[in-house]
There are 2 protein chains.
Amino acid sequence: MDRPGTWQAVRAEALRRMRAGDWPPGGRIPDEAELAAEFGCARATVNRALRDLAEAGLLERRRKGGTRVPVTPIRKATFEIAIIRQDVEGRGQRHGYRLLEDALGPPPPEVLAALDWPEGAGMRHLTALHLADDRPFCLEHRWLDATVAPAEVSFDTISANEWLVRNIPYSGGNIAFLARPADGPAARALDCAPGDALLAVERTTFRDGAAITFVRLTYAPGHRVDATL
Amino acid sequence: MDRPGTWQAVRAEALRRMRAGDWPPGGRIPDEAELAAEFGCARATVNRALRDLAEAGLLERRRKGGTRVPVTPIRKATFEIAIIRQDVEGRGQRHGYRLLEDALGPPPPEVLAALDWPEGAGMRHLTALHLADDRPFCLEHRWLDATVAPAEVSFDTISANEWLVRNIPYSGGNIAFLARPADGPAARALDCAPGDALLAVERTTFRDGAAITFVRLTYAPGHRVDATL
DNA sequence: TCGAAAAATAAGTATAGACATAATGCGCCA
DNA sequence: TGGCGCATTATGTCTATACTTATTTTTCGA
């Protein structure tokens, strides 16, 4: 597979041993120095390989404690978060965008809780529809700190999704997947029946420790989000 | 934050420059040697920091091409996949398990498609319910290569989920999130109304290039899957 | 002028050596 | 016996150097 002596080769061999049962679950594996001697490579190379496996959840490493094979590994899966336009275009479809609403107002309590904000804070509320080949793709519901995106900024032609990535980039946050039934407006926008099961992604974005924006993306029926193990 | 000269410090400084606009989107940043000289550290340290950012989707690196800040970064989010018992216990609840059905039979076409299997292949079909503090947590629907888990293996007390992790570990696969309405049996098992919007996770597991098992986990209403950015 | 070969470049990786850090666990002392 | 502190140990990381590899740019010949 990989030329011997590379960290990928060491990783592959380690994986092979785990699968073959040479390194059984719950057991401790030889330390880096031993493996480096056995494989005839530098300790740093072994370190790179084992660190990679540990990041994937396939090994547990602790200083002094050594490296062990977890009994029930907690695997890590990753998925990619692109802006919606890229997501649509990546499927070979044409992206369309329609701003449905742009107003100032108090958010529902669930949103306030997610944002952890004072009650009366100025908040802009946007509703927009993303289209793929002219069919509804995703409904964007966003609450936004009014100081981050002042009223001058218009989201008529560029989605808040894209504006934020371009203007407030590289910020942290958290994400959650959930299912929700289509309410009246969502059903109308996404062209489905009220009560239909829809996949939604909720995201809160932080900047300097404070929540900037909360967004709920509700996808059209049948949408799937793929991740790689 | 981090003591200077560490790769974390370099990463933090790189991130700061991106946020501050010193390294604007679309632009190319200085090469590793230059940054190493500027920060007074080894090139390997800069490499580690920039590689880490590239893995998170915050930088794009190409040999000879240099390192650039993507205009619309495709962020990577990760979530943890534990066995369901651990998932429940991690919430501080007691895990329960009930096998509802264990039979041999032909899978529905959607499952066959996901598995990419010949029509008549022997397939075991399991249905099981996971409980959290005696309340329905998740419905497990699994199709399994009969040669992987022969009839002797009983899933009465141990879930297939756990059995597989312990016996066929470290295999690859793919995962998808979707929403589906509760059908009759699911509504009964999960104690909700038919048609309720439920979050489901589908996973196909491969071993040596061949599909071993397909599982659909349908969660009780209100369930969320969290990921970290 | 076009295209192929050669040079240049920046990231990718390997290595040996050193020191840092976090657990572990042992031994000492009360 | 119990608890505290220090020695031990395996991983974590940094450095300097060298070589490799992918890709771009330049050069040169047809």
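Quick note on labels: first sequence line is chain A, next is B, and so on, each numbered from 1.
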A.B. asks: Rounding to an integer number of Å, can you tell me how far F39(B) CZ sits from dT15(D) P?
C.D. replies: 12 Å
A.B. asks: Which is true for R43(A) with a 4.0 Å heavy-atom rule: it touches a base, it touches only sugar-phosphate, or it touches nothing?
C.D. replies: base
A.B. asks: Would you mind telling me which of dG12(C), dT21(C), dT13(D) lies closest to the side-chain atoms of Q8(B)?
C.D. replies: dT13(D)
A.B. asks: Any side-chain N or O of N47(B) below 4.0 angstrom from OP1/OP2 of dA11(C)?
C.D. replies: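 Result: no.
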A.B. asks: Side chain of K64(A) only, heavy atoms from C-beta on: which candidate in dT13(D), dA22(C), dT25(D) is closest?
C.D. replies: dA22(C)
A.B. asks: Begin with the C-alpha distance, continue with both residues' side-chain angles, and end with the deciding distance and a verdict on side chain to side chain donor-acceptor pair (under 3.5 Å) for R142(B) and T213(B).
C.D. replies: CA-CA 7 Å; R142(B) 185 180 292 272; T213(B) 176; 3.2 Å; yes
A.B. asks: Scan side-chain atoms only and decide if T72(B) and Q86(A) contain a donor-acceptor pair under the 3.5 Å cut-off.
C.D. replies: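 On atom types as modelled, these side chains qualify, holding a pair under 3.5 Å.
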A.B. asks: Pick base, sugar-phosphate or nothing for R48(A), based on heavy-atom distances below 4.0 Å to the nucleic acid.
C.D. replies: sugar-phosphate
A.B. asks: Parallel, tilted or perpendicular: which describes the rings of F214(A) and W143(A), with under 30° parallel and over 60° perpendicular?
C.D. replies: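 Rings of F214(A) and W143(A): tilted, 30 to 60°.
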A.B. asks: Salt bridge or not for E162(A) and R85(A), using N-O below 4.0 Å?
C.D. replies: yes
A.B. asks: Nearest heavy atom decides the nucleotide; on that basis, is R63(A) or G5(A) closer to the 5' end of DNA chain C?
C.D. replies: G5(A)
A.B. asks: Does T67(B) put a side-chain nitrogen or oxygen below 4.0 Å from OP1 or OP2 of dA11(C)?
C.D. replies: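 Yes, T67(B) has a side-chain N/O under 4.0 Å of OP1/OP2 on dA11(C).
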A.B. asks: State whether R61(A) places a side-chain N or O below 4.0 Å from either non-bridging phosphate oxygen (OP1 or OP2) of dG12(D).
C.D. replies: yes
A.B. asks: Can you tell me the distance, in whole Å, between the CD atom of E60(B) and the P atom of dA11(C)?
C.D. replies: 14 Å
A.B. asks: According to a strict under-4.0 Å criterion, is T45(B) in side-chain N/O contact with OP1 or OP2 of dT13(D)?
C.D. replies: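 No, outside the criterion.
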A.B. asks: For L50(B) and dT13(C), what is the distance between atoms CG and P respectively, to the nearest whole Å?
C.D. replies: 14 Å
A.B. asks: Which listed nucleotide (dA11(C), dT24(D), dA14(C)) is nearest to the side chain of R62(B)?
C.D. replies: dT24(D)
A.B. asks: Contact class for G65(B) vs. all strands (heavy atom < 4.0 Å): base, sugar-phosphate, or nothing?
C.D. replies: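 Nothing, no heavy atom under 4.0 Å.
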A.B. asks: Using atom CG of D52(A) as one end and atom C1' of dT11(D) as the other, report the distance to the nearest whole Å.
C.D. replies: 16 Å
A.B. asks: Between the side chains of E89(A) and R94(A), is the shortest nitrogen-to-carboxylate-oxygen separation below 4.0 Å, so that they form an ion pair?
C.D. replies: no
A.B. asks: Are R216(B) and E140(B) ion-paired here, with the side-chain N under 4.0 Å from a carboxylate O?
C.D. replies: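 Here R216(B) does not pair with E140(B) in a salt bridge, since their nearest N and O are not under 4.0 Å apart.
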A.B. asks: Over how many whole Å does the gap from W7(B) atom CH2 to dA11(C) atom C1' extend?
C.D. replies: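 Whole-Å distance recorded here is 18 Å.
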A.B. asks: Looking at R68(B) and E60(B), is there a salt bridge between them, counting it only when a charged N and a carboxylate O are closer than 4.0 Å?
C.D. replies: no
A.B. asks: Where along residues 14-38 of chain A does a heavy atom come under 4.0 Å from DNA chain D, residue by residue in number order?
C.D. replies: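 Of all residues in residues 14-38 of chain A, the ones placing a heavy atom under 4.0 Å from DNA chain D are R28(A), D31(A), E32(A).
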